[in-house]
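Below is one structure, written out as structure tokens; the observations come after it.
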Amino acid sequence: MITASSGRSLLVAGTTLLVAACGAQKTNLANSHLDYCVAQAAKTAAAIPSYDSIPRTIATGKDRWRYVNYRDWTSGFWPGTLWYLYEYTKDTAWKAKAQAFTNTLRPIAFSKAGDHDIGFQLYCSYGNGYRLTGDTAYKSVMLAAADTLATLFNPVAGTILSWPHEVQHLGGHNTIIDNMMNLELLFWAAKNGGGQRLYDMAVQHANTTMKNHFRPDFTSYHVVVYDTITGKVIRQQTHQGYADSTMWARGQAWGIYGYTLMYRETKDTTYRRFAQSVADVWLQRLPQDGIPYWDFQAPDIPRAPKDASAAAITASALLELSTMATDAAKATYYRQQAEALLTALSSNQYQARHQSPAFLLHATGHKPNGSEIDASINYADYYYIEALTRLRQLQEGKR
Ligand code: GLY
């Protein structure tokens, strides 16, 4: 917990950043939306009461964040957003904030693994921090985090256990499609002294998931439950989607991003082809306004809530996929689809500018249990700023 005077300094720094944001140059479309992110984040930063308060959600119609601490699965997204703000502005005030919030997550790397989310928590925070600063202290935390994540790997099932706390309830070793995102931490560690074992684990996880998590039309199940001892598939089901047989919008987005990163890290063209198939079905089934409903088969479409987070994750993944596709028409298609998603997200309907300090409105966290529906959520904002950063780099020929 920080003191009252350091709380005031957070406020002053936030105000300074807001003023700086107003003077930023607008050189292209991505820049103007990044300027918007800077201005919004400055308002968030000014209101945060302590470094143990991570902004997570703003409920529909509200204008204040609900805060969580570093143990929450979303704790890496605010520090990650701060790193992207620093990358864009080069302003050391953002860097200092990014460092401070990143440091609060350190215990996760050195504690018993609670679940697979270590990857989200540490790669978005420390990973971006290391990428931008090369700070060797970050490196040792990330290597420890990868080893901690690796303790959840079951070599018989061939995947990482996503939810240790659900083994009893679900009846076995469980893996969720979201877990594809956490392979990035293992690949990073393998390249940075963590050993081949982590690379092999990531590849085995992705291959097993490719086999068991997808239907013949390339839509994905959210959860696969494996027999912990034999590794055999017991059940394919949903948790956050509408039904076991439907396409949960964010789950499929994690799959698109996950197999895109698999190709980046391995250069195995199987993953590129797979990422394209997983993306194509998601894009083909989008509704008219270009932003998915929380589940593509929600029964109350067109009144069903949207999920802006799924759109932001997919936009970011498609920008990378557009640089990988060997077919020029496909590359153009993914780039245009990513830009269309970002244009829709950047409209008055989806930007939060008149309502709250978040970047985006209309994300859905967990519809079946009634939480975070049609809300602002920190991971929607994180992938939105990541996608804008990637678009800017592409526009400037830096990717
Ligand atoms: N990883 C949890 C979610 O996507 O809601």
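Just so you know, ligand 1 is whichever comes first in the structure, and atom 1 is the first atom listed for that ligand. All figures in this text were calculated on a predicted structure; none of them were measured in a lab.
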### Query
According to the salt bridge (charged side-chain N to carboxylate O under 4.0 Å, His left out) rule, which pairs have a member within residues 226-240, sequence neighbours left out?
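Passing the test, one end in residues 226-240: no pairs.
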
List ligand 1's nitrogen or oxygen atoms that come under 3.5 Å of a protein nitrogen or oxygen, with the partner atom and distance.
unit_1	atom_1	unit_2	atom_2	d
ligand 1	1 (N)	Asp178	OD2	2.7
ligand 1	4 (O)	Asp178	OD2	3.2
ligand 1	4 (O)	Arg250	NE	2.8
ligand 1	4 (O)	Arg250	NH2	3.4
ligand 1	4 (O)	Trp254	NE1	3.0
ligand 1	5 (O)	Gln240	NE2	2.8
ligand 1	5 (O)	Arg250	NH2	2.6

Note: [X]-[Y] ion pair, threshold 4.0 Å (strictly below):
{"X": "Asp295", "Y": "Lys367", "answer": "no"}
{"X": "Asp117", "Y": "Arg71", "answer": "no"}
{"X": "Asp91", "Y": "Lys97", "answer": "no"}

### Task
Not counting sequence neighbours, which residues clear side-chain hydrogen bond (donor to acceptor under 3.5 Å, both in side chains) with Tyr259? List them please.
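Applying side-chain hydrogen bond (donor to acceptor under 3.5 Å, both in side chains) to Tyr259 gives none.
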
Check residues 187-195 and write down every donor-acceptor pair under 3.5 Å in which the side-chain atom is one partner and the other belongs to a residue at least two apart or another chain.
unit_1	atom_1	unit_2	atom_2	d
Lys191	NZ	Glu265	OE1	2.7
Asn192	ND2	Trp188	O	2.7

